[in-house]
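All values reported here derive from a predicted model rather than from experimental measurement. Reckoned from all heavy atoms, side chains included, excluding hydrogens, waters and symmetry mates. Counting from 1, the numbers follow the sequence of the chain as shown.
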Amino acid sequence: MSLKLSKYTLWVQLVLLILVAFFATTISFQSNDFYTYLSAGIGYWKNGQPLLFDFQSIHFQGQLIGASIWLFVWLLGGLYQLLGDFGSIGLRFLLITTPVVYFYWYGLKRLNHSHFLSFMWSFFLLLGVCTRVQLRPEIVSYFFLLHFAFVISEVEKTDQTKKLVYLIPFYLVWVQIHATSKFGLICSLHFYALVLFKKFKNYDLKNAGPLGLCFCYPLYNNYSVVIFR
């Protein structure tokens with residue numbers, strides 16, 4: 001009996017996490033901002049309205065949006081056009097479930113935690129994000145922040161700094177979604193602090209150097225246009 005239990009523990013726990021995530025994403029109301037994002041997305045897909053300019057407000061129509069979240073708006077509007085209300089519900093469910101499952105897998109496979117401990121840590125994470133599950137662009141950052149932390153943690157253990165290069169395309173996407181991508185800068189600073197205090201024996205800065213591109217934060221979005229115009 002114990003063998004059968006251990007064989008199916010992984011799937012039982014994953015199903016439980018997914019069910020709780022689904023419950024969390026269906027009982028809470030959408031924020032008011034959601035409808036602004038949705039309107040902008042539909043405006044792009046139906047009428048070709050530019051995503052970097054304001055067409056929703058009364059007094060600022062046609063002006064450049066200083067904190068553009070165009071990629072999130074583009075995705076939200078596209079899913080709504082394809083699937084209607086189910087598109088937005090599905091997107092929110094995906095954005096909440098993915099980081100929780102990722103966290104569970106990492107604890108189980110990379111940190112060698114027990115099934116129970118991995119499940120409990122993931123469940124606590126899910127309880128934490130359940131207070132912020134409205135379909136706003138910052139919830140995309142749950143996955144990206146975990147990924148940055150996990151990759152840098154792997155580099156710290158293995159000294160394989162070339163893995164850091166793979167964070168750059170993630171950051172280029174993240175910065176187009178929400179200003180919480182600045183947390184990626186914190187992860188990058190953490191890595192360079194480890195280098196400074198010689199936590200790596202054989203680090204290769206020619207591979208780690210590209211991570212410094214994260215500090216060119218304004219150049220990846222239209223923030224730089226607002227700053228320099």
Which heavy atom of Ala149 sits nearest a heavy atom of Cys187, and at what distance?
N-SG, 4.3 Å
What closest approach, in Å, do Thr98 and Leu94 show between heavy atoms, and which atom pair accounts for it?
OG1-O, 2.7 Å
Could you go through the ring pair (Phe, Tyr, Trp, His ring centres under 6.0 Å) check for Phe150 and Tyr102 one step at a time?
CA-CA 10 Å; Phe150 289 162; Tyr102 186 27; 5.2 Å; yes
Close side-chain approach of Tyr104 to Leu17, heavy-atom, < 4.5 Å
yes
Under 3.5 Å, side chain of Gln81 to main-chain N/O of Trp45, donor-acceptor pair present?
no
Supply the atom-to-atom distance Leu167 CG to Ile152 CD1, rounded to the nearest 0.5 angstrom.
6.0 Å
Test side-chain contact (heavy atoms from CB on, under 4.5 Å) on Phe119 and Leu16; report intermediate values, then the result.
CA-CA 9 Å; Phe119 173 77; Leu16 285 174; 4.1 Å; yes
With rounding to the nearest 0.5 Å, note down the distance linking CZ in Phe143 to CZ in Phe148.
10.5 Å
Given the rule that I, L, V, M, F, W and Y join up when any side-chain heavy atoms are under 4.5 Å apart, are Val173 and Tyr166 in one cluster?
no
With a 4.5 Å cut-off on side-chain heavy atoms, are Leu95 and Leu135 touching?
yes
Can you tell me how far apart CZ (Phe22) and OG1 (Thr97) are? Round to the nearest 0.5 Å.
9.5 Å
Nearest heavy-atom neighbours spanning Arg92 and Ile139:
CG-CD1, 4.4 Å
Trace of the side-chain contact (heavy atoms from CB on, under 4.5 Å) decision for Leu125 with Leu146
CA-CA 11 Å; Leu125 172 66; Leu146 281 178; 4.2 Å; yes
To the nearest 0.5 Å, what is the distance between OG on Ser39 and OH on Tyr44?
15.5 Å
Could you state the interatomic distance from CG (Leu51) to OH (Tyr37), rounded to the nearest 0.5 Å?
13.5 Å
Contact between Phe34 and Leu76 at the side-chain level, heavy atoms closer than 4.5 Å - yes or no?
yes
Aromatic contact between Phe183 and Trp174, with the criterion being ring centroids under 6.0 Å apart: yes or no?
no
Over all atoms of both residues, closest heavy-atom pair of Gly184 and Tyr171:
CA-CE1, 4.1 Å
Got a second to check how far Leu79's CG is from Leu75's CG, nearest 0.5 Å?
4.5 Å
Quick one: does Ser88's side chain have a donor or acceptor within less than 3.5 Å of a partner on Asp85's backbone?
yes
In this structure, are over 12 heavy atoms from other groups packed under 6.0 Å from Trp121 atom CH2?
no
Under 3.5 Å, side chain of Ser118 to main-chain N/O of Ser114, donor-acceptor pair present?
yes
Residue pairs, two or more places apart or on separate chains, that pass salt bridge (Lys or Arg N to Asp or Glu O under 4.0 Å) and touch residues 133-148
Asp33-Arg136, Arg132-Glu138, Arg136-Glu138
Listed partners of Glu154 passing salt bridge (charged side-chain N to carboxylate O under 4.0 Å, His left out), at least two apart
Lys157
Shortest non-hydrogen contact between Ile96 and Ala21, atoms and distance:
CG2-CB, 4.2 Å
If I compare all heavy atoms of Phe72 with all of Val140, which pair ends up nearest, and what's the gap?
CD1-CG2, 4.1 Å
Could you walk me through whether Ile177 and Phe144 pass the side-chain contact (heavy atoms from CB on, under 4.5 Å) check?
CA-CA 11 Å; Ile177 295 174; Phe144 283 103; 4.2 Å; yes
Linking Ile, Leu, Val, Met, Phe, Trp and Tyr by side-chain heavy atoms under 4.5 Å, what else ends up with Leu19?
Val15
Please determine whether the number of non-hydrogen atoms from other residues, nucleotides or ligands lying under 6.0 Å from atom CH2 of Trp105 exceeds 12.
yes
Kindly determine whether His147 and Phe170 satisfy side-chain contact (heavy atoms from CB on, under 4.5 Å), including the steps that lead there.
CA-CA 9 Å; His147 187 65; Phe170 279 92; 3.5 Å; yes
